[in-house]
Undergrad: 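What follows is a single structure, and I will ask about it in a moment.
These numbers come from a predicted model, not from an experiment.
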Amino acid sequence: DPVTRRCTMVDDLMRDQRDEHIALPLPNGRVLLAGGQRRTDSKTHNRSDIFDLTAGTFVPGPSLPTDCQDTQVIALGDGLTLILGGESDDGPGGKPDVILDQIVVFDSATIRFTSIGRMKIPRDDFAACRLKDGRILVAGGLTRNDIPTLSAELITIHRNTGR
């Protein structure tokens with residue numbers, strides 16, 4: 001509560017306890033929590049939950065195109081948010097982590113994720129920012145097998161046509 005500056009526990013629970021997930025505000029004051037790593041088995045997933053602050057409840061939301069954690073999120077304006085890269089993890093003893101090259105747009109008006117392309121290099125733990133001209137700069141990070149990269153790329157988003 002920003003007025004009292006206190007946190008209050010809610011009785012309802014998300015379907016998955018998660019960390020390294022996406023949290024996106026929705027226009028109606030609700031919040032979408034998506035992806036991340038489950039606490040129960042340390043695997044990443046693509047499920048989402050929508051938290052309604054007024055009711056203090058969670059309801060299932062849309063699925064991401066792929067399971068992921070540790071992505072970069074950039075607000076594009078007009079209720080659109082860009083979700084870039086990250087990693088997919090099978091948990092302890094599973095397959096090696098997969099570093100992602102995904103470019104996904106979330107539309108808060110339709111509550112929908114749409115895959116719109118791929119980065120040239122899969123990246124995790126990288127920097128991303130929106131430039132004044134609207135392009136997205138992504139730089140550095142880790143690639144497959146956790147190898148650092150000094151590369152950068154520019155991504156141009158074309159409205160209504162994808163990448």
Undergrad: Are L26 and I22 connected in the hydrophobic side-chain network, where two residues link if heavy atoms are under 4.5 Å apart?
TA: yes
Undergrad: So if you build clusters from Ile, Leu, Val, Met, Phe, Trp, Tyr with side-chain heavy-atom gaps below 4.5 Å, do M119 and I136 land together?
TA: yes
Undergrad: Measure across S48 and L32 and return the closest heavy-atom pair with its distance rounded to 0.1 Å.
TA: OG-CD1, 3.5 Å
Undergrad: I need the minimum non-hydrogen distance between A128 and I74, along with the two atoms involved.
TA: O-CD1, 3.5 Å
Undergrad: Mind listing the side-chain donor-acceptor pairs of residues 51-66 below 3.5 Å, one per line with the distance, residues two or more places apart or on another chain?
TA:
from	atom 1	to	atom 2	distance (Å)
D52	OD1	T54	N	3.0
D52	OD1	A55	N	3.2

Undergrad: Considering non-hydrogen atoms only, spot the tightest contact between A34 and H21 and give its length.
TA: O-CB, 3.3 Å
Undergrad: CD1/I155 to CD1/I116 distance, rounded to the nearest 0.5 angstrom?
TA: 8.0 Å
Undergrad: Among residues at least two apart in sequence or on other chains, which ones pass side-chain contact (heavy atoms from CB on, under 4.5 Å) with D97?
TA: E87, D89
Undergrad: On a heavy-atom basis, which atom in Q72 and which in F126 lie closest, and how many Å separate them?
TA: NE2-O, 2.6 Å
Undergrad: For residues 102-115, which side-chain N or O atoms pair as donor and acceptor with protein atoms under 3.5 Å away, sequence neighbours left out?
TA:
from	atom 1	to	atom 2	distance (Å)
Q102	NE2	G85	O	3.1
D107	OD1	A109	N	2.8
S108	OG	G79	O	3.1

Undergrad: Under the salt bridge (Lys or Arg N to Asp or Glu O under 4.0 Å) definition, can you give me all pairs with a residue in residues 16-36, not counting sequence neighbours?
TA: D16-R47, R18-D49
Undergrad: My understanding is that only residues two or more places apart in sequence, or in another chain, count here; which of them pass side-chain contact (heavy atoms from CB on, under 4.5 Å) with A75?
TA: none
Undergrad: Can you tell me how far the CD1 atom of I157 sits from the CG atom of L76, to the nearest 0.5 Å?
TA: 6.0 Å
Undergrad: Considering only heavy atoms from C-beta outward, does the side chain of L142 approach that of P148 to under 4.5 Å?
TA: yes
Undergrad: Determine which pairs satisfy side-chain hydrogen bond (donor to acceptor under 3.5 Å, both in side chains) with at least one residue from residues 138-148, sequence neighbours left out, and list them in order.
TA: none
Undergrad: Enter the distance from L82:CG to L80:CG here, rounded to the nearest 0.5 Å.
TA: 9.5 Å
Undergrad: Quick one: pull up CD in Q37 and OG in S88 and give me the separation to the nearest 0.5 Å.
TA: 10.0 Å
Undergrad: First locate atom CD of Q69, then atom CG of D124, and finally report the distance between them rounded to the nearest 0.5 Å.
TA: 7.5 Å
Undergrad: Would you indicate whether the side-chain heavy atoms of H45 and R15 approach each other to under 4.5 Å?
TA: no
Undergrad: Quick one: CG on D133 to CG on L154, what's the gap to the nearest 0.5 Å?
TA: 8.0 Å
Undergrad: May I ask you to check whether over 12 heavy atoms, not counting those of L150, lie within 6.0 Å of atom CG?
TA: no
